[in-house]
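In this text, all values refer to a predicted model and were calculated from it rather than measured experimentally.
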Amino acid sequence: MLTMLSPTKNRLLAELERAEYHRLSPYLELIALERGDVLYQVDGKMDYAYFPVTATMSIDYLLENGGTSEINRVGNEGMLGVPLFMGGDRSAGRAVVQTSGYAYRLSAARLMAEFYHKGPLLRLLLRYAQARLMQVSQLAACNSHHSTRQRLCRYLLQMLDRSSSNELAATQEEIGGIIGVRREGVTDAARWLQERGIIRWRRGHVTVLSRSGLHAHVCECYDVVCHATALLLPDLTASSAHLPGIWRASGALPPYQFKDERRHAHGGEHAAAPHSGQAELAFV
C-alpha cells in the first residue's frame, strides 16, 4: 500500500549503494507533513535530517523587521539538514513545509555514523552540498540580471521539478520574495504568460498549460542548474531504482495517490495514467 512512498522515491536515497541503503533503511521513519509545519527554528538544534518524498520544504532567512526571505527549497531531489555533515548541528535559518506530503526522517546521530564510515554516502552528500551551493549562487545571479518573466518561468519549472504532485501552492508575495520582485511584478508576468497560452490564471489559480512554453521563455539559469545538478547527481540507475528496504511509518498514514493515478478494481494496486503535462499553482 505504501509502495509509492518507498524511500527510493527520494532521489538521494535512491542513489545510495545497496550496502548503505540496507544499513540505513531500518532507521528511516516515514512522516506526514502539513504546509506550515516548522522543522527547524533559527539557531535551533537539528535532531533529524529529512528526505522529502512528496512534500517540499523551504529554508527561510528571518529579517530583523519580521520579514522572511527564502534561501532555498528542497523537494524529492534532495534533503534537509546539510549543516549536519558540514560541521554544525544548529540551523542558520527556519525550515518550513511548503507543500503538504510525506518525507523520511533520519536521526542526526545515525546519519553522522554512516557519514563517518567515509564510504559512498560521504561522497554523495558532499556532491549534493556542492549542488546546493551552486543553486544558491545561480539564484542570486538570476535575480540580479534577468527579467521578472524569465524568473517566474524558472520558479514554476523548478517547483514542478521538485514536487511529486502536480498541485502546487504559493502566495504572490511568496513568489515575489523568492524571485526578488514586488507582487505587482508577479501579476504582470503571469498575465503576459496567460496571454500567450502558456498558463491559465483565473480566480486565484494558475494552470500550467505548456511546460515547453515556460522553457521557451525562461532564462539560461534553469538549464545551467539542471545540467550542473545532473553532473553531480546522475539520474537513477536500474540497480538503485528497486532497492528493497524496511522503514517505519509515524502514525497511521493513508496511501498517497497522485492526481493522475487510478486504483485498480482488484488487488488495490495503483496504475499511473499518462501524464497530462498540466499542473496547478494556487495563488492564495
Check your understanding: Taking Thr56 for the side chain and Thr99 for the main chain, is one N or O donor matched with an acceptor at less than 3.5 Å?
Key -> yes
Review point. So do Leu152 and Leu214 actually touch side chain to side chain, heavy atoms under 4.5 Å?
Key: no
Review point. Taking all atoms of both residues into account, what is the closest heavy-atom pair of Pro52 and Gly78, and its distance?
Key: CD-O, 3.4 Å
Review point. Roughly how far, to the nearest 0.5 Å, is the OH atom of Tyr50 from the CG atom of Leu39?
Key: 5.0 Å
Point to revise | Connected via hydrophobic side-chain network under 4.5 Å: Leu139 and Leu157 | key: no
**Study point:** Candidate pair Gln41 and Ser91, rule side chain to side chain contact (heavy atoms under 4.5 Å, CB included), full reasoning
**Key:** CA-CA 7 Å; Gln41 291 284 6; Ser91 177; over 6 Å; no
**Study point:** Verdict with reasoning, Tyr61 to Arg94, per side chain to side chain contact (heavy atoms under 4.5 Å, CB included)
**Key:** CA-CA 7 Å; Tyr61 180 80; Arg94 184 177 64 182; over 6 Å; no
Practice item. Answer yes or no: is there a side-chain heavy-atom contact under 4.5 Å between Gln150 and Val218? Key: no
Exercise for review: State plainly whether one hydrophobic cluster holds both Val225 and Val74, where clusters connect Ile, Leu, Val, Met, Phe, Trp and Tyr through side-chain heavy atoms under 4.5 angstrom apart.
Suggested key: no
Review point. What heavy-atom pair brings Leu12 and Glu77 nearest, and what distance separates the two atoms?
Key: CG-O, 4.0 Å
Check your understanding: Arg196 versus Leu209: any side-chain heavy-atom pair under 4.5 Å?
Key -> no
Practice item. Measure the CG-CZ distance between Asn10 and Phe51 for me, rounded to the nearest 0.5 Å. Key: 6.5 Å
Exercise for review: Assess Arg110 against Tyr27: is NZ or CZ under 6.0 Å from the centre of the six-membered ring, and within 45 degrees of the ring's axis?
Suggested key: yes
Check your understanding: Do the side-chain N and O atoms of Arg73 and Gln158 include a donor-acceptor pair separated by under 3.5 angstrom?
Key -> no
Practice item. Answer yes or no: is there a donor N or O on one side and an acceptor on the other, between the side chain of Asp89 and the main chain of Leu84, under 3.5 Å? Key: no
Review point. Distance-only, no hydrogens or angles: does the Ser6 side chain make a donor-acceptor pair with backbone N or O of Lys9 under 3.5 Å?
Key: no
**Study point:** Minimal non-hydrogen separation, Ser210 against Ser212, with atom names
**Key:** OG-OG, 3.1 Å
Point to revise | 4.5 Å side-chain heavy-atom contact, Cys153 and Leu193 | key: yes
**Study point:** Ion pair Arg35/Asp37, N-O distance below 4.0 Å
**Key:** no
**Study point:** Arg90 side chain vs Asp43 backbone, donor-acceptor pair below 3.5 Å
**Key:** yes
Exercise for review: Without swapping roles, check the side chain of Asp223 against the backbone of Glu220 for a donor-acceptor pair under 3.5 Å.
Suggested key: no
Quiz: residues 111-126 side-chain donor-acceptor pairs under 3.5 angstrom, not counting sequence neighbours:
residue, atom, partner, partner atom, Å
Glu114, OE1, Arg23, NE, 3.1
Glu114, OE2, Arg23, NE, 3.2
Glu114, OE2, Arg23, NH2, 2.5

Practice item. Taking the side chain as every heavy atom from C-beta outward, state whether Leu16 and Thr8 have any pair of such atoms under 4.5 Å apart. Key: no
**Study point:** Distance, nearest 0.5 Å, that separates CD1 of Ile198 from NE2 of His215
**Key:** 12.5 Å
Practice item. Drop me the distance from Leu5's CG to Thr54's OG1, to the nearest 0.5 angstrom. Key: 6.0 Å
Study note, to complete from the structure: When every non-hydrogen atom of Met57 is compared with those of Ala103, the smallest separation belongs to CE-CB, 3.8 Å
Check your understanding: Under a 4.5 Å side-chain heavy-atom rule over Ile, Leu, Val, Met, Phe, Trp and Tyr, are Ile31 and Val96 clustered together?
Key -> no
Study note, to complete from the structure: Taken to the nearest 0.5 Å, the spacing of Asn72 CG from Ser58 OG works out to 9.5 Å
Exercise for review: Answer whether the closest heavy-atom distance between the side chains of Cys142 and Cys219 falls below 4.5 Å.
Suggested key: yes
Point to revise | Taking every non-hydrogen atom, the tightest pair across Gly81 and Tyr40 | key: CA-OH, 3.6 Å
Review point. If we only count heavy atoms from C-beta on, is the Val53 to Tyr104 side-chain gap below 4.5 Å?
Key: yes
Exercise for review: Could you tell me which non-hydrogen atom of Ala189 sits nearest to which non-hydrogen atom of Thr148, and how far apart they are?
Suggested key: CB-CG2, 3.9 Å
Practice item. Scan for salt bridge (charged side-chain N to carboxylate O under 4.0 Å, His left out) pairs involving residues 137-157, sequence neighbours excluded, and state none if there are none. Key: none
Going by atom type alone, with no hydrogens or angles, which donor-acceptor pairs under 3.5 Å involve a side-chain atom of residues 129-137 and a protein atom two or more places apart or on another chain?
residue, atom, partner, partner atom, Å
Arg132, NH1, Met79, O, 3.1
Arg132, NH1, Tyr128, OH, 3.1
Ser137, OG, Leu133, O, 3.0

Check your understanding: For residues Asp161 and Tyr222, is any side-chain donor paired with an opposing acceptor at under 3.5 Å?
Key -> yes
Review point. How many angstroms lie between CD in Glu70 and CD1 in Ile178, if you round to the nearest 0.5 Å?
Key: 3.5 Å
Check your understanding: For atom CZ of Arg182, is the number of surrounding heavy atoms from other residues, nucleotides or ligands below 6.0 Å larger than 12?
Key -> no
